[in-house]
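What follows is one structure encoded as structure tokens, with my remarks underneath.
Since the model is a prediction, treat every value here as computed from it, not as a measurement. Sequence lines set the chain letters: A, B, ... in the order given, protein chains first and strands last, and positions in each chain run from 1.
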Amino acid sequence: MNNLLGFTADETGEVTVEISVTVNGETRTGDVEPRTLLVYWLRDDLRLTGTNVGCDTSSCGACTVHVNGESVKSCTMLAVQADGEDILTIEGLAPSDDELHPMQEAFRQNHGLQCGYCTPGMVMAAVSLLEENPSPTEREVRLGLEGNLCRCTGYHNIVKSVLACAAGETAA
Amino acid sequence: MIPAAFDYVRAGSASEAIALLGEHGDEAKLLAGGHSLLPMMKLRLAVPSVVVDIGRVTDLSYINDGGDHIAIGALTRHRALETSDLLAAECPLLGHVAGEVGDPQVRHRGTIGGSLAHSDPASDLPAAVLALGGTLVAQGPGGSREIAAGDFFTGYFESALADDEMLTEIRVPKAPGDGWNYQKFNRRAQDWAIVGAAAVTVNGGTNVALVNMGSVPLRASATEAALAGGASAAEAAEQAAEGTDAPTDLNATPDYRNHLARVLTRRALEAAGVS
Ligand SMILES: Cc1cc2nc3c(=O)[nH]c(=O)nc-3n(C[C@H](O)[C@H](O)[C@H](O)COP(=O)(O)OP(=O)(O)OC[C@H]3O[C@@H](n4cnc5c(N)ncnc54)[C@H](O)[C@@H]3O)c2cc1C
Ligand code: FES
Ligand code: FES
């Protein structure tokens with residue numbers, strides 16, 4: 001059986017697995033315990049703390065990242081499952097340090113956030129949504145963001161932001 | 001929440017996965033999309049000591065025309081079912097129901113094989129495959145066998161699969177046209193159905209399956225018999241809760257679920273064009 005991963009034990013005796021993942025365009029490697037969730041590898045090992053943990057129970061979507069271009073809750077995926085895959089987090093979305101992604105700009109212009117806790121996940125989910133459905137109706141936006149909870153805004157301005165972005169009302 | 005520690009092995013093919021299951025027995029669990037297994041492992045409701053990752057057995061991700069049926073690889077994700085032109089044309093019920101599962105993030109990861117093998121009576125796809133009278137293909141060390149959907153769900157979160165068997169394919173008969181509907185009743189976005197009803201006309205008869213009306217997904221057999229005997233949709237739907245055993249939880253009492261089953265069955269039948 002040649003497709004099995006090799007195990008290595010570190011000094012503490014923990015069995016770890018070596019992974020190599022493209023994160024925001026760069027190859028990142030690490031030794032992870034198999035039970036390490038992707039979100040904790042991103043936050044604790046790579047220090048990409050833009051991806052939040054809201055519920056830890058697959059419900060809130062605060063931890064949403066893209067895996068091969070599609071939105072995924074990174075608290076419900078093992079880091080080992082991401083081995084060899086292409087991950088995009090909120091840190092990798094903007095084209096440069098002084099330019100926002102059109103979706104981020106849309107959230108800014110339309111007051112699509114209050115405390116901001118849900119925002120990274122909301123933006124990642126919204127970008128994935130528009131990739132699948134570039135001109136959604138308001139109802140499609142609401143359904144498309146069904147996996148993301150916001151405790152502040154009442155969603156109205158979030159939906160407005162996504163519709164504005166889809167309509168090209170925010171320059172990149 | 002972090003799952004308890006486990007050993008991780010990745011299978012490159014179904015036969016490799018089955019060999020690993022044989023080696024590790026009931027200590028091992030297959031990991032497909034992980035959207036049922038990982039939440040359960042976080043809560044320690046599942047504590048496998050070996051996790052066999054079948055997520056990369058990509059040759060089991062397909063939706064093919066099999067002549068009189070559609071053949072779907074067990075590793076096909078909900079999103080692929082939801083967006084399949086072949087399903088939209090030949091078995092629209094199944095594609096639609098896949099689009100009702102959870103939320104987009106869940107549908108990007110969850111697989112039809114995982115959903116069926118998990119055998120949660122509150123899940124959507126098991127009831128859809130049951131309503132269609134589908135067939136499940138299980139592969140074990142001695143080869144493959146076919147299991148009728150009606151024989152597959154054996155108990156609460158239990159299926160007819162042996163410890164060393166893996167689901168490889170799901171076959172559903174072609175059921176094109178408008179003679180289908182799925183009613184999913186819930187109170188919160190992205191949630192499981194409090195009760196669901198799937199109705200579909202297939203091979204000349206009308207089938208109805210119910211979600212969350214017992215320890216397994218159930219066919220509304222009294223309703224089906226009444227329809228076959230010439231009853232109207234409204235009359236037949238009155239019998240939807242017969243022979244079911246609705247659970248109690250914080251969402252609903254059995255009485256309320258029985259009521260929902262009757263109402264949702266009537267709506268599903270009427271929307272499917274059964275009058
Ligand atoms: C937030 C959230 C909301 C959800 N909402 C819904 C909903 O509304 N409706 C609904 O129906 N579901 C819902 N689900 C469940 C979701 O559909 C799961 O994806 C699905 O039930 C399991 O598929 P999976 O590929 O993720 O399986 P996994 O979690 O990987 O596996 C589930 C079980 O099946 C076994 N298994 C997996 N593949 C196979 C195989 N090929 N052969 C044999 N055994 C196998 C595993 O060992 C495990 O025991 C939700 C999940 C989440 C996290
Ligand atoms: S932290 Fe992942 S869904 Fe809430
Ligand atoms: S802005 Fe506070 S949770 Fe959404």
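There is no contact between Arg188(B) and chain A, counting heavy-atom distances below 4.5 Å. Only the side chain of Leu31(B) comes within contact range of chain A, judged by heavy atoms closer than 4.5 Å.
Contact check for His108(B) versus Val67(A): no side-chain heavy atoms found under the 4.5 Å cut-off. Considering only heavy atoms from C-beta on, Tyr8(B) stays 4.5 Å or farther from Val32(A) through its side chain.
The heavy-atom pair separating Thr57(A) from Lys42(B) by the smallest distance is N-NZ, 4.4 Å. Heavy atoms only, all atoms of each residue included: Asn148(A) and Gln105(B) are closest at OD1-NE2, 2.8 Å. Here the closest heavy-atom approach between residue Gly147(A) and residue Pro104(B) is recorded as N-CD, 4.5 Å.
Panel note: side chain Arg10(B), backbone Val80(A); a donor-acceptor pair is recorded below 3.5 Å. A donor-acceptor distance shorter than 3.5 angstrom exists from the side chain of Gln190(B) to the backbone of Glu146(A), with no hydrogens or angles considered.
Using a 4.5 Å heavy-atom cut-off against chain B, no residue of residues 113-121 of chain A qualifies as contacting. Interface with chain B: from residues 124-132 of chain A, residues Ala125(A), Ser128(A), Glu132(A) qualify, criterion being any non-hydrogen pair under 4.5 Å. Contact annotation for residues 70-77 of chain A against chain B (heavy-atom separation below 4.5 Å, listed by residue number): Glu70(A), Ser71(A), Val72(A), Lys73(A), Cys75(A), Thr76(A), Met77(A).
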Please output the side-chain donor-acceptor pairs of residues 85-97 of chain B that fall under 3.5 Å, not counting sequence neighbours, one pair per line with the distance.
none

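Note: Leu78(A) leads Leu145(A), Leu78(A), Val53(A) in heavy-atom pairs under 4.5 Å with chain B.
Atom CG of Asp56(A) is separated from atom CD1 of Ile2(B) by 6.5 Å, given to the nearest 0.5 angstrom. The line from CG of Asp103(B) to CG of Leu149(A) is 9.0 Å long, rounded to the nearest 0.5 Å.
By the neighbour-count criterion of 12 heavy atoms within 6.0 Å, atom OH of Tyr156(B) is sparsely surrounded, having that number or fewer from other residues, nucleotides or ligands. In Arg44(B), the CZ atom is crowded: over 12 heavy atoms of neighbouring residues, nucleotides or ligands sit closer than 6.0 Å.
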